Amino acid sequence: MMILDSQAVKSIPHNSRLVLLVDDSRAQRRTLAVQLIRAGYHVVEAASGEEAMRICLERRPDIVISDWMMPGQTGLEFCRQFRDMQSDRYGYFILLTSRNDKKDIAEGLRAGADEFMTKPVSGAELLARLSASERILRMEESLRTANAQLRDTLDRLRETQAAIDRDLREARRLQQGLVRERHGRFGDFDLSLLMRPAGHIGGDLVGFFPINARRVGMFALDVAGHGVAAALLSARLAALLSGATDQNVALRTTDLGLYDARPPAEILHHLNTLMIQELRTDSYFTMVYADLDFLNGRLRLVQAGHPHPVLQRADGRLERIGAGGLPIGVFAHAEYEELQLVLNPGDRLFITSDGLTEAENARGEPLGEEGLQAILRTNALLRGDALLESICWSAANYAGGKRNDDISAVLIERHGESGGLPWT
């Protein structure tokens, strides 16, 4: 049998328990060491708390058995120092004492002791206490291993999330690029577009494209849901409504070989059929499509479940446009009703997604159509981007800065006789 000293500590294999015996009595240490070695433990001895701390700095023991009363540093003081040591694993601490006062036991527990044994120590009792400590240490090791695996998993998840965030930021930039033009001027009409995703990417899309020398097509759509799936569908729809004439489903070739637009209701019916029969997705979207003759101001419009456009006349009067309609991609035989109106000098038409009207205040009350109309009245003197930004600011202020949905908008304005809005 070999009793290890502090010089041999580093050679102890990691798969065995190391017990540190601390007692100023060499005979007491030897007696306990023999019993521990016979039980299969590795043992290292220290004659004082100071020597024990030096050993602990070289290698943290699994179990410490320390006498309470020793010259110099007491076992209680050594226990406090042992607990204060930074370590990635737990050490079980047993105090040997001839005391049995409850105050002493409480003091020992506060210092960090796990167990107390009364001297003289019985070999059978010592091994029984060590068997209990073994269960604690195994549970601690299992927990430590699980925590290490969890930390490793969390690190990998953070790396993955960082990569996803980078991809989503790039996807947002690319999605914003789907709206190639944010402004357009056609005759005495100005078109302004707004896209403001709530997160990295969203399902809103707005745009316009020239039809011929006197007409322009405009659309605003909102794919149900958020995230990647909604963004992918909006990108697919952007391709279908692209300004490229050979790809745009809204355009057709006449008998004379010229491009013309399909009737608005026919366009929405075609998109509905495409969603149900070809794309075969569970998603759907709402939409407003408008065909504007910018020479005479006549506008043909179809609404498919999208919020009602608001027409603001030159004298400031507000009109709610449309009858609602069914979303696209839900019902196979949905019908879409076309309406017509004339935009006179000084009139403007505002089309927005529900991210604006459904903005909620602290009481959970949505802004609604009335709130939107109030904002339009308040900002009657503003035009173009200034009006769109002011509307967004007002909605954000109403919602206390919180925004849970994407916001998109199309603003169609006709100049007055003097080039400005008549009510200004």
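Heavy-atom basis, side chains included; hydrogens, waters and symmetry copies ignored. This structure is a prediction, so every number in the text was calculated from the model and none was measured.
Screening L241, L237, V223 for a side chain to side chain contact (heavy atoms under 4.5 Å, CB included) with M287, the sole residue that qualifies is L241.
Proximity of a side-chain donor or acceptor of T160 to a complementary backbone N or O of R156 within less than 3.5 Å is detected. Between the side chain of R129 and the backbone N or O of F116 there is at least one donor-acceptor pair closer than 3.5 Å.
Taking 4.0 Å as the cut-off between side-chain N and carboxylate O, E338 and R262 do not count as a salt-bridged pair. Under the 4.0 Å criterion applied to side-chain N and carboxylate O atoms, R215 and D293 are not assigned as salt-bridge partners. A salt bridge between K119 and D67 is present, with a side-chain N of the basic residue lying under 4.0 Å from a carboxylate O of the acidic one.
Taking 4.5 Å as the limit, some side-chain heavy atom of F189 sits within range of a side-chain heavy atom of L292. R144 has its side chain out of reach of Y90: every pair of non-hydrogen atoms, C-beta onward, lies at least 4.5 Å apart. Side chains of F93 and S133 form no contact here, defined as non-hydrogen atoms less than 4.5 Å apart. With contacts defined as side-chain heavy-atom distances shorter than 4.5 Å, the pair L251/I211 qualifies. With contacts defined as side-chain heavy-atom distances shorter than 4.5 Å, the pair L356/L372 qualifies.
When only modelled atom types and interatomic distance are considered, D385 and S192 share no side-chain donor-acceptor pair under 3.5 Å. Remark: the D222 side chain and the T286 side chain contain no N/O donor-acceptor pair separated by less than 3.5 Å. With hydrogens and angles left out, the side-chain atoms of H333 and N272 include no donor and acceptor closer than 3.5 Å. No side-chain donor-acceptor contact under 3.5 Å links D114 and Y92. Under 3.5 Å, the side chains of Q81 and Q73 contain a donor-acceptor pair of N or O atoms.
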inquiry  = Determine whether E140 and R138 satisfy the following criterion, salt bridge (Lys or Arg N to Asp or Glu O under 4.0 Å), listing intermediate values before the conclusion.
reply    = CA-CA 5 Å; E140 190 274 335; R138 281 198 299 267; over 6 Å; no
Open item on the list: For R26 and E45: C-alpha separation, side-chain torsions, deciding distance, then whether salt bridge (Lys or Arg N to Asp or Glu O under 4.0 Å) applies.
Closed with: CA-CA 9 Å; R26 187 172 186 276; E45 299 179 25; 5.8 Å; no
Please evaluate residues R83 and E77 with respect to the criterion salt bridge (Lys or Arg N to Asp or Glu O under 4.0 Å), reporting the C-alpha separation (whole Å), side-chain torsions for both, the decisive distance (0.1 Å), and the verdict.
CA-CA 10 Å; R83 289 293 178 225; E77 292 169 338; over 6 Å; no
- Task: Before giving the answer on salt bridge (Lys or Arg N to Asp or Glu O under 4.0 Å), spell out for E58 and R54 the whole-Å C-alpha distance, their side-chain angles and the decisive distance to 0.1 Å.
- Result: CA-CA 7 Å; E58 293 180 10; R54 289 194 296 271; over 6 Å; no
- Quick one: do H415 and D190 satisfy side chain to side chain donor-acceptor pair (under 3.5 Å)? Show the steps, please. CA-CA 8 Å; H415 297 291; D190 280 337; 3.1 Å; yes
| task | For side-chain contact (heavy atoms from CB on, under 4.5 Å), just list the numbers for V34 and V43, CA-CA rounded to whole Å, side-chain angles, deciding distance to a tenth of an Å, and then say yes or no. | result | CA-CA 9 Å; V34 168; V43 179; over 6 Å; no
Q: Would you check, one step at a time, whether the test side-chain contact (heavy atoms from CB on, under 4.5 Å) holds for R196 with L194?
A: CA-CA 7 Å; R196 198 66 59 81; L194 171 74; 3.3 Å; yes
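More than 12 heavy atoms of other residues, nucleotides or ligands shown are found within 6.0 angstrom of CD on Q340. For F294, the CZ atom counts as densely surrounded, since its 6.0 Å shell holds more than 12 non-hydrogen atoms of other residues, nucleotides or ligands. Counted within 6.0 Å of CD on E360, heavy atoms from surrounding residues, nucleotides or ligands total more than 12; the atom is thus considered enclosed.
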